[in-house]
Amino acid sequence: MPLAALKTVAKARNGVGAFILQCKRLDFHYCDWAGSSRGMKAFLKSTLPRFAKENPQIEITVSPRPNKHPIIKGHYINGREKVVCVRNMTNELIKEKADLLKSASGEKLKRVNKPVESLNESVRGIWSPFHGGKYKI
Amino acid sequence: MHRLPRSQRPIEQLLPSVLPLRPCLRNSPCRPSLCATATRSNVSPFSTSAPALSIFSSKPDKKKHRAFVRRWQKRLLGESDPVGAHVDPYDKTSPVRIAPEEQGEEEELLEEMEGGEDWGYTQAETWRGLERIGSDKWVQQWKEWENADSWKKWEPSDSYAPVDKVRDQAALKEAFHRAVVEVITLKKAGAPLEFLNDFVGRHYDPLRTHEVKLRASRDGSVSLLYPSETAVTEFLQKFMSEEADETDVGDEHAELVDELLENGTLQDATIKEKLKEAHLTIAEARSLVGVLKSREVVAKVASEVMAEENESAQAAEELKLNSIPLTDLDLKFNLLKRLTALTGLRISDPNILQIDTFADLYHQLLAASKPQPKKLVEEILADPKKAKKVMSIPNVKISPRRVTVVDKEKEVGRWKVIEYALKERGIPVTGRKVTSL
């Protein structure tokens, strides 16, 4: 019987696993009448198709919100929402805000002091006097 | 509630009881007259009490007093009649009567007092005709609003461009053809184009432009094939004469100008004298010469233009707008002006910069004739390329109207349950009836 190599069923990602984008939906709201939505309308006409194609995992909805300033609302998989008002902003600035919401985790903003943050604080675990080698004095 | 004007006159002059407290200086030439008139006439007209006589002043001698006043008046003013003798202060035409604007502030009268006296007051049922009270700005706005009716009399036919824009494609093509024919005819004749819109209206077509054919000549310009020579000559002659009238030059100085034309120089002494007699400056005489020369030249130019155009046009092929450049800025600008006057359509500056050929101009005109979409969705859907680009992306959903709570519930299939529950409890189902997105 000839030897056969084992088939790879999953890609080894150096132990990291799959990356899931935290932002699941982006809502773009604008007003047809008001001047503060001028940049937003330009964004929706010219930049949005490309942005949507680059991010197929995000659901994008566009709807008018009459007599209100334009906003972008991000929905995240942790159930939270983030809203950015983009009144009087240009097309380019609005693209930046959309990217910001896309890459956000959905959590509240926190001050980060340590370079590495993990749920498991130490790989070795917390030292216990009842475990491990016994010391003889 | 009713409003009564408050008088600005000092109240002590109206009250007779105040007067006796001020004894008059009898020896003064002025004071007695003031005191006397005050005691006689300054009794308040609405006072019901009898005028109280002073207990301090003695009874004045009226005859002596009048004589004294008249004497001083005659010395000072040269008149013997007493001041205010012929003036009834309560007459409507009297100059003494106080102007309404001097009547001062208004004060409110209590409702209890209104019923007391019969002054013919009737309460208004509508606001129409009542006095308006407000700030200066408000009053100005009110006046403008009242004068708004006069603006309604403005006739749209007087406007530079038609109020109702031309949207029909056949009519646009006709207008484009007409503008090209008129502007190029005048341009080739060397006539000033700025008077075209004043001279030729929208409904009056002396050149019969629909009969003129456009041809592309070999040198890359537009040639015109006129049906008859007379139409062009008449048109140009009329146009030039109108233009001459625009410059306020009449025929009264024609003889003088003829002489000027023959002799030549304006600096000649005899001609200078003649100009002086005719009250003309040298500059005016120069313009006169120019205009009359142009009138003479018109007929000649018209026939030349006709001959040239017809020759080149017969040799040329059928017009293909794509091939003809429109690089002459003067021609382009005048064409745009004429098109605006004929159709009421305006092409924006960025679009004007993109026009390089006659075809571009026509396409921009067609684009301007289409009504501008008011909504973003309409704008996206109006352009098929853009619509296809956006609609083909699977993760994008565009709503033409505001997304309501009902829409969100419907999306997740919960609305039926809510509606049933509402009906079961006898609660009215609110929200949009047609909620299809």
Side-chain angles (χ1 to χ4, degrees), chain A residues 20-75 77 79 81 83 86-87 89 91 94-95 98-99 101-102, chain B residues 346-354 363-364 366-415 418 430-437:
Chain A
I20 297 167
L21 194 69
Q22 297 297 293
C23 178
K24 60 175 180 179
R25 200 172 104 187
L26 283 177
D27 293 341
F28 292 87
H29 296 293
Y30 64 95
C31 174
D32 276 312
W33 176 82
S36 62
S37 292
R38 184 181 291 173
M40 184 62 157
K41 285 194 275 185
F43 171 82
L44 294 175
K45 274 190 283 185
S46 59
T47 318
L48 185 77
R50 195 176 171 187
F51 179 81
K53 273 185 184 170
E54 284 171 357
N55 302 287
Q57 67 273 54
I58 302 175
E59 180 192 354
I60 290 170
T61 60
V62 179
S63 66
R65 214 168 62 118
N67 306 323
K68 299 276 195 299
H69 285 307
I71 56 160
I72 310 174
K73 191 189 261 186
H75 301 260
I77 53 174
E81 289 175 0
V83 184
V86 290
R87 65 172 180 189
M89 282 190 192
N91 187 355
I94 294 170
K95 171 75 169 56
D99 283 334
L101 285 177
K102 180 195 85 177
Chain B
R346 289 168 211 276
I347 300 171
S348 63
D349 284 356
N351 291 338
I352 289 172
L353 287 175
Q354 290 174 2
H363 291 312
Q364 288 291 355
L366 285 182
S369 70
K370 287 171 188 164
Q372 292 289 318
K374 287 185 178 174
K375 293 187 173 181
L376 180 75
V377 177
E378 288 171 4
E379 199 176 338
I380 291 170
L381 294 177
D383 188 358
K385 272 187 186 175
K386 212 179 269 180
K388 199 180 173 186
K389 199 177 169 186
V390 178
M391 297 300 178
S392 62
I393 307 168
N395 59 331
V396 176
K397 192 178 172 188
I398 296 176
S399 161
R401 59 169 179 78
R402 191 169 70 88
V403 176
T404 60
V405 180
V406 179
D407 295 326
K408 285 175 187 168
E409 298 290 356
K410 275 194 170 180
E411 202 176 359
V412 293
R414 212 184 294 151
W415 181 245
I418 295 169
T430 55
R432 209 186 290 265
K433 281 186 180 175
V434 183
T435 51
S436 60
L437 285 173

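Per chain, numbering begins at 1; letters A, B, ... match sequence-line order.
Closest approach of B:Val396 to A:Ala52, counting heavy atoms only: CG2-CB, 3.4 Å. The nearest pair of heavy atoms linking A:Pro64 to B:Pro400 is CG-O, 3.8 Å. Here the shortest heavy-atom pairing between A:Ser63 and B:Arg401 reads CB-O, 4.0 Å.
With a 4.5 Å cut-off on non-hydrogen atoms, A:Asn55 touches chain B through its backbone but not through its side chain. Interface remark: B:Ile398 contributes backbone and side-chain atoms alike to the contact with chain A (heavy atom separation under 4.5 Å). Within the 4.5 angstrom heavy-atom criterion, no atom of A:Phe28 approaches chain B.
Your options are A:Glu59, A:Lys53, A:Arg65, A:Lys45, and the one with the most heavy-atom pairs under 4.5 Å with chain B is A:Lys45.
Taking a 6.0 Å sphere around CZ of A:Arg25, one finds it holds more than 12 heavy atoms contributed by other residues, nucleotides or ligands. At most 12 non-hydrogen atoms from other residues, nucleotides or ligands lie less than 6.0 angstrom from NZ of B:Lys389.
A donor-acceptor pair under 3.5 Å links the side-chain atoms of B:Asn395 to the main chain of A:Ile58, judged by distance alone.
One distance of note links OG of A:Ser46 with NZ of B:Lys386; it measures 8.0 Å at 0.5 Å rounding. Here the straight-line distance linking atom OG1 of A:Thr61 with atom NZ of B:Lys408 works out to 9.0 Å at 0.5 Å rounding.
Contact check for B:Leu376 versus A:Leu44: side-chain heavy atoms found under the 4.5 Å cut-off.
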